[in-house]
Engineer: 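The structure under discussion is supplied below as structure tokens; questions concerning it will follow.
No hydrogens, no waters, no symmetry mates; every other heavy atom, side chains included, goes into these values. One-based numbering, in listed order, for ligands and for the atoms of each. We count residues from 1, following the sequence as given. Quick caveat, the model's predicted, so the values are computed rather than measured.
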Amino acid sequence: MKISFAAPAMPKSGALVVGIGAGRKPTQAAAEIDKLCDGMLTRAIKASSKFSGKADELLPVVAPPGVPVDRIILVGLGDLKALDAVALQRIGGGLTAHLNQVGASAAAVRLDGVPAGKLAPGDAAAEVALGARLRSYRFDKYRTKEKPTAKPTLARLTVMTDADAAAKSAFVDRDKLADGVFLTRDLVSEPANILHPESFAARCQKLSELGVEVEVLDEKKMRKLGMGALLAVGQGSVHESQLVVMQWNGAPKAKDKAPLAVVGKGITFDTGGISLKPGAGMWDMKWDMGGAGVVTGLMAALAGRKAKANVVGVVALAENMPAGNAQRPGDIVTSMSGQTIEVLNTDAEGRLVLADALWYTQDRFKPTAMIDLATLTGAMMVALGTHQAGVFANNDALSKRLVAAGAAVGEKLWPMPVGDEYDREIDCDAADMKNIASGRWGGASIGAVFLQRFVNKVHWAHLDIAGVTWSDKDKPTTPRGATAFGVRLLDRFVADHYEGS
Ligand code: BES
Ligand code: MN
Ligand code: ZN
């Protein structure tokens, strides 16, 4: 879909979208067009008892008289003063889905005369465009027999605003952000026979085209560094584990500034290993690399928009398979930190790969803060469901900043506890710690305190994204499937706290 911006005008064909505010109050453009088509919009609203002008509502008016367009779509804007970036993105996404469903190939959205809360008109138009683009994502590369009529139709979307030049330039960075989101969604959607640690690393290498410095550590290098925990997870796989380091140095005085570090769990498939998972639903574990997918997409977004910040992304890639040479329950491994771990459950593998990735990252980069993302625990899904992710941290200010960034972009985080009581639960007789607790409760916090033992003294936050990485339902800016939850949040976090002068 091609997205462009233009001054308000009557399109010669296609679909035209105009806004209606709360209480069925027409925007200026809606009133103007209503006159041209002899009051048909007013009559359509009257005839539709359910359409009230609330945000996310749509009312199609097909074949209107007096205008050259095929259809006019009335879109609810709700309370105009409450229109913020997320609301505008949702509107853009919702109308894109509708236009694709009804078979429209071109559409124009009139945003002139829509005062959008605190946003400048150009920014408001760019947010609608971003929402439209985010919703247009599709992972269909393996569908060879889809009927043409079932495919999305919308090829061109024009957002019309008096501030079209400002909107166009405001969209440039947002378009790069969407590129990053799409990269994450592509990675998360790929099946594990295609995306394994080496092929994932190869996709990371491509980020060098954007100016990202990419290094791949293979098993030999990791063995030399003493990454016994990470290597144990992948030892039963025919694919070599990989650790990829991606550096974006965009800060003005690049060399002087310690980076922000972002670390992702990248289990390209999690069978559970010898502690094998049940068969039903195991296919979901192709997205157990969601954290690594977010880190990679974030690096692409930051480099794409030339963010003025130093950020290092690290992804820990391994495949957790049962095999004759796989690790066994009860094995004791030595991590790069020197701490030993009794692996009582080979299905608690994310924390093992992250143990070495986190230690390595803080040791090498001395980051100002370190954030990890991981589809770490089923317990996280039990606690928060699929609408919010949990944030665990050893630093309150960092946690609050992440929660605020999430709220601003519509990727909500809920603070979860770490602490001594949880930490004591992984003390162990045979080694420095065990990778699971003895009891069943508080599993998401148990995973977090395990990770905390590998962050040394660095300010650290852990996002357990198990519940939000994949969606079974369409959402306004996210079609069902891979969500890329975390990319927009961290892009915002970087913009708010690392790009100041
Ligand atoms: N990747 C899973 C967690 C997961 C489950 C993510 C479902 C998304 C959806 C993780 O490696 C795992 O298996 N965790 C175990 C930990 C347990 C053995 C302590 C779990 O949550 O059951
Ligand atoms: Mn597991
Ligand atoms: Zn896992």
Engineer: Got a salt bridge between D56 and R90, using NZ or NE/NH1/NH2 to carboxylate O under 4.0 Å?
Structural biologist: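 Yes, D56 and R90 are salt-bridged.
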Engineer: Carefully, step by step, assess Q235 and N325 under the rule side-chain hydrogen bond (donor to acceptor under 3.5 Å, both in side chains).
Structural biologist: CA-CA 7 Å; Q235 77 187 32; N325 57 341; over 6 Å; no
Engineer: Ignoring hydrogens and angles, write down the donor-acceptor pairs under 3.5 Å from the side chains of residues 436-444, residues two or more places apart or on other chains.
Structural biologist:
{"from": "S438", "atom 1": "OG", "to": "K434", "atom 2": "NZ", "distance (Å)": "2.9"}

Engineer: When the ring planes of H462 and W460 are compared, do they come out parallel, tilted or perpendicular, using 30° and 60° as the limits?
Structural biologist: parallel
Engineer: Of the options D464, L384, V403, which is the one that meets L413 in a side chain to side chain contact (heavy atoms under 4.5 Å, CB included)?
Structural biologist: V403
Engineer: Report all protein residues having a heavy-atom distance below 4.0 Å to some atom of ligand 1; order the list by chain, then number.
Structural biologist: K265, D270, K277, M285, W287, D288, N345, D347, E349, R351, T375, L376, T377, G378, M381, I436, A466
Engineer: Less than 4.0 angstrom from a charged side-chain N to a carboxylate O is my criterion; do K306 and E499 meet it?
Structural biologist: no
Engineer: Give the intermediate values and the outcome of ring-ring contact (aromatic ring centres under 6.0 Å, His included) for residues F493 and H497.
Structural biologist: CA-CA 6 Å; F493 175 78; H497 302 292; 5.4 Å; yes
Engineer: Could you enumerate the protein N, O or S atoms under 2.8 Å from the Zn ion (ligand 3), written like residue then atom name?
Structural biologist: K265 NZ, D270 OD2, D288 OD2, E349 OE2
Engineer: Sort by chain and number the protein N/O/S atoms that are closer than 2.8 Å to the Mn ion (ligand 2), and list them.
Structural biologist: D270 OD2, D347 O, D347 OD1, E349 OE1
Engineer: Does Q339 use its side chain to pair, donor to acceptor, with the backbone of R453 at less than 3.5 Å?
Structural biologist: yes
Engineer: If the threshold is 4.0 Å, N to carboxylate O, is there a salt bridge linking D270 and K286?
Structural biologist: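 Salt bridge: no.
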Engineer: Only one of L302, V214, V312, V262 clears side chain to side chain contact (heavy atoms under 4.5 Å, CB included) with M246; which?
Structural biologist: V214
Engineer: Would a distance-only check, ignoring hydrogens and angles, find a side-chain to backbone donor-acceptor pair under 3.5 Å from N320 to T346?
Structural biologist: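 Yes, N320 side chain to T346 backbone: donor-acceptor pair under 3.5 Å.
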Engineer: Salt bridge or not for K265 and E349, using N-O below 4.0 Å?
Structural biologist: yes
Engineer: Examine distances only and state if a side-chain atom of T478 and a backbone atom of K475 form a donor-acceptor pair shorter than 3.5 Å.
Structural biologist: no
